[in-house]
Student: 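One structure coming up, written as structure tokens, with questions to follow.
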Amino acid sequence: MEVVVVGAGIAGLSTAWSLAKRGHRVTLLEQGPIPNPLAASGDHHRIIRRAYPPGSGYGRAITEAYAAWDEMWADLGQRHYDPRGFVCVSREPGDEAEDYLEGLKDGGFPFELMTAQEASTRWPFFDPETIRYAYFSEEGGALHCRRIALGLVEWLRANDVDVRENAKVASVDVEAGRVILTGGEAVTADQIVVTAGAWVTKLFPDLAWTLSTHRTALAYLEPPSDLKEAWEKAPVILDVGGKVDGYIIPPSGGGGLKFGTGLHKRASPDADSDRVPRPEEGAEILSHFSPPIARLDEYRVLEVVTCAYTFTADERFFATRKGRALVVSACSGHGYKFGAAVGRRVADAVEDGDIDRLVRWLRAETA
């Protein structure tokens, strides 16, 4: 069948990969370059981990995600994954780190619990006076987004996928199975898959009632010289405790030391608004990490990168059928780790039309 995929973030790239492997004729359209630095998938690295609150279902879904990534690494001939594990620190009862710990216990997943002093001895960038406890798990690490995108584009082109960069979509005719580019060209197909990330509501304004757009920013930092080696060897910091919703990815896969926090996001009218970082944003992001990061005044901001995401009310994935179009949104900033598996599942739905099953899996309601 002829399939057009709109959007070449990880969901679109993986969907094109999975469909091409099954013998379908695929056209992949991306409004910018691939990887697109403005897209949520366009940064250097993202986290994969087991830890989710108990009952969410996503912790178990990581098993399928790892299997899908392994299939992709075999096709690409290279593993764009750094399995350095992850650590969480809890700073107050009932914080997100504690919820994640309960999720690991509930799922029977491995972890190593340690005292604050043990954590700061092992990772000297922590301030032990501000930590209740910490735990480490080997089942996680960093996925190298840009390297994955470049590897997939090379594979797709070698396997006869029509990959079109700088091909911005103006509209989608879901009944006719036709995509109209901004230059007026029409691309027709039997099925259309829209994985346009935070730009999806520009193509389907009615979805703005379900998908809200948020803008956030991430800071790349240079640590004190005596802590550089510790950071280079550190696991991913999944959660810094308290109400920060903060994470840190150490240098890996060509990306530097990255700090991000959920406290820095805000609602935005669309994905193109307010994308130039403000001069003070790096310091604002950094301020949320003391505690538990020690000596924070000695870190230097190197770069600030903005991102745009769609969010659902319950912060889970979203999919819907519109005529010949299947619209998929990996919402709320936690979608990248499932990217290869999302591609396989979307390809299933394109072939068999079972959208309900896809939605249940995306929401981690059933296998």
Side-chain angles (χ1 to χ4, degrees), residues 46-62 84-142 214 216 218-219 227 230-231 234-250 257-266 284-297 299 309 311-316 331-334 337 363-365:
R46 296 287 297 275
I47 297 173
I48 185 171
R49 91 286 183 150
R50 281 280 186 192
Y52 277 93
S56 75
Y58 284 118
R60 294 196 180 280
I62 289 295
R84 57 175 61 209
F86 69 87
V87 65
C88 290
V89 297
S90 177
R91 293 195 289 114
E92 58 188 52
D95 61 13
E96 192 168 53
E98 191 153 272
D99 286 344
Y100 287 161
L101 179 59
E102 293 306 310
L104 291 174
K105 292 177 181 178
D106 184 60
F109 304 129
F111 64 90
E112 175 190 355
L113 193 64
M114 62 193 76
T115 66
Q117 192 58 55
E118 288 170 336
S120 65
T121 298
R122 191 165 173 180
W123 301 297
F125 41 76
F126 284 132
D127 176 3
E129 299 300 319
T130 65
I131 297 172
R132 298 169 66 219
Y133 61 81
Y135 55 92
F136 168 77
S137 173
E138 294 182 348
E139 294 196 339
H214 284 69
T216 188
L218 314 165
L227 292 177
W231 275 116
V236 167
I237 315 300
L238 175 59
D239 196 279
V240 297
K243 298 178 175 62
V244 174
D245 188 21
Y247 65 91
I248 304 170
I249 306 182
L257 176 62
K258 181 169 77 174
F259 282 45
T261 167
L263 295 183
H264 197 72
K265 76 175 188 290
R266 60 175 179 270
E284 290 175 1
I285 294 167
L286 198 57
S287 69
H288 293 296
F289 289 83
S290 179
I293 304 300
R295 301 166 52 191
L296 206 61
D297 59 339
Y299 287 68
Y309 297 99
F311 278 74
T312 54
D314 60 3
E315 298 193 2
R316 291 188 178 242
C331 297
S332 312
H334 73 100
K337 65 186 68 64
R363 294 180 55 81
E365 294 172 353

Student: What I'd like to find out is whether the side chain of Phe311 reaches to under 4.5 Å of the side chain of Lys265, using heavy atoms alone.
Tutor: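 Side-chain contact under 4.5 Å: yes.
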Student: Calculate, to the nearest 0.5 Å, the distance between atoms CZ and CG belonging to Arg295 and Asp127 respectively.
Tutor: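 It is 11.5 Å, given to the nearest 0.5 Å.
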Student: Quick check: do Glu139 and Ile62 have side-chain heavy atoms less than 4.5 Å from each other?
Tutor: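 No, side chains not in contact.
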Student: Is the side chain of Ser137 donor-acceptor paired with the backbone N or O of Pro110 at a distance under 3.5 Å, no angle test?
Tutor: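 Yes; at least one donor-acceptor contact below 3.5 Å.
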Student: Please name the residue in the list Leu104, Val236, Asp99, Asp239 that meets the side chain to side chain contact (heavy atoms under 4.5 Å, CB included) test with Cys88.
Tutor: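 Filter result, single survivor: Asp239.
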Student: Do the rings of Trp123 and Phe136 sit parallel, tilted or perpendicular, given the 30° and 60° boundaries?
Tutor: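 Plane angle between 30° and 60°, so tilted.
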Student: Quick check against the 3.5 Å criterion: does Ser120 have a side-chain atom that pairs as donor or acceptor with the backbone of Gln117?
Tutor: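 Pair found, side chain donor or acceptor close to backbone of Gln117.
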Student: What residues, two or more places apart in sequence or in another chain, satisfy side chain to side chain donor-acceptor pair (under 3.5 Å) together with Glu118?
Tutor: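 With sequence neighbours excluded, Glu118 shows a side chain to side chain donor-acceptor pair (under 3.5 Å) to Thr115, given in chain and number order.
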Student: Say you draw a straight line from OH of Tyr299 to CZ of Phe289; how long is it, rounded to the nearest 0.5 Å?
Tutor: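 It comes to 11.0 Å.
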Student: Among all residues two or more places apart in sequence or in another chain, which pass the side chain to side chain donor-acceptor pair (under 3.5 Å) test with Arg84?
Tutor: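 Arg84 satisfies side chain to side chain donor-acceptor pair (under 3.5 Å) with Asp82 only.
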Student: Please say whether the positively charged group of Arg49, taken as NZ for Lys or CZ for Arg, lies over the ring of Tyr247, i.e. under 6.0 angstrom from the six-membered ring centre and within 45 degrees of the axis.
Tutor: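 No.
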Student: Would you name the heavy atoms of Leu218 and Lys258 that are closest together and state the gap between them?
Tutor: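 Where Leu218 meets Lys258 most closely, the heavy atoms are CD1-CD, 3.8 Å.
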Student: How many angstroms lie between atom CG of Leu263 and atom NZ of Lys243, to the nearest 0.5 angstrom?
Tutor: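 Those atoms lie 10.0 Å apart.
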Student: Answer yes or no: is there a donor N or O on one side and an acceptor on the other, between the side chain of Arg91 and the main chain of Val240, under 3.5 Å?
Tutor: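 A pair under 3.5 Å: yes.
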Student: Applying salt bridge (charged side-chain N to carboxylate O under 4.0 Å, His left out), can you list everything that pairs with Glu112, at least two apart in sequence or on another chain?
Tutor: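 Only Arg122 meet the salt bridge (charged side-chain N to carboxylate O under 4.0 Å, His left out) criterion with Glu112.
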Student: Closest heavy-atom contact between Glu96 and Asp245?
Tutor: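 Minimum heavy-atom separation between Glu96 and Asp245: OE1-OD1, 3.1 Å.
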Student: Could you tell me whether Arg50 sits above the aromatic face of Phe109, with NZ or CZ closer than 6.0 angstrom to the six-membered ring centre and within 45 degrees of the axis?
Tutor: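 Yes; both conditions hold, so Arg50 lies above the ring face of Phe109.
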Student: Roughly how far, to the nearest 0.5 Å, is the OG1 atom of Thr261 from the CG atom of Leu286?
Tutor: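 Leu286 atom CG to Thr261 atom OG1 measures 11.5 Å (nearest 0.5 Å).
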Student: Should the heavy atoms of other residues, nucleotides or ligands under 6.0 Å from CD of Glu138 be counted, would the total exceed 12?
Tutor: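 Check fails, neighbour count at 12 or below.
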Student: For Ala116 and Ile131, which heavy atoms make the closest approach, and how far apart are they?
Tutor: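 Looking at all heavy atoms of both residues, the shortest contact is CB-O, 3.4 Å.
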Student: With side chains defined as the heavy atoms from C-beta onward, is the minimum distance between Ile237 and Phe126 less than 4.5 Å?
Tutor: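 Yes; the side chains approach each other to less than 4.5 Å.
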Student: Would you please test Leu113 and Leu101 for side-chain contact (heavy atoms from CB on, under 4.5 Å) and show each step?
Tutor: CA-CA 9 Å; Leu113 193 64; Leu101 179 59; 4.2 Å; yes
Student: Would you call the rings of Tyr58 and Tyr52 parallel, tilted or perpendicular, where under 30° means parallel and over 60° means perpendicular?
Tutor: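 Tilted, since the angle between the ring planes falls between 30° and 60°.
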Student: Applying side-chain contact (heavy atoms from CB on, under 4.5 Å) to Ile248 and Phe125, what does each step give before you reach the verdict?
Tutor: CA-CA 12 Å; Ile248 304 170; Phe125 41 76; over 6 Å; no
Student: Between Pro250 and Leu257, what is the shortest heavy-atom contact and its length?
Tutor: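 For Pro250 versus Leu257, the nearest heavy atoms are CA-CD1, 3.9 Å.
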Student: Between atom OH of Tyr100 and atom OG of Ser56, what is the distance when rounded to the nearest 0.5 Å?
Tutor: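 Separation between the atoms: 9.0 Å.
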Student: If you take all heavy atoms of Pro292 and Thr130, which pair is closest and at what distance?
Tutor: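 Looking at all heavy atoms of both residues, the shortest contact is CA-OG1, 3.3 Å.
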Student: Judged by atom type as modelled, is there a donor-acceptor pair below 3.5 Å linking the side chain of Arg316 to the main-chain atoms of Arg363?
Tutor: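 Yes, because the side chain of Arg316 sits within donor-acceptor range (under 3.5 Å) of the backbone of Arg363.
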Student: What distance separates Ile48 CD1 from Leu238 CG, expressed to the nearest 0.5 Å?
Tutor: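 One finds 12.0 Å between CD1 of Ile48 and CG of Leu238.
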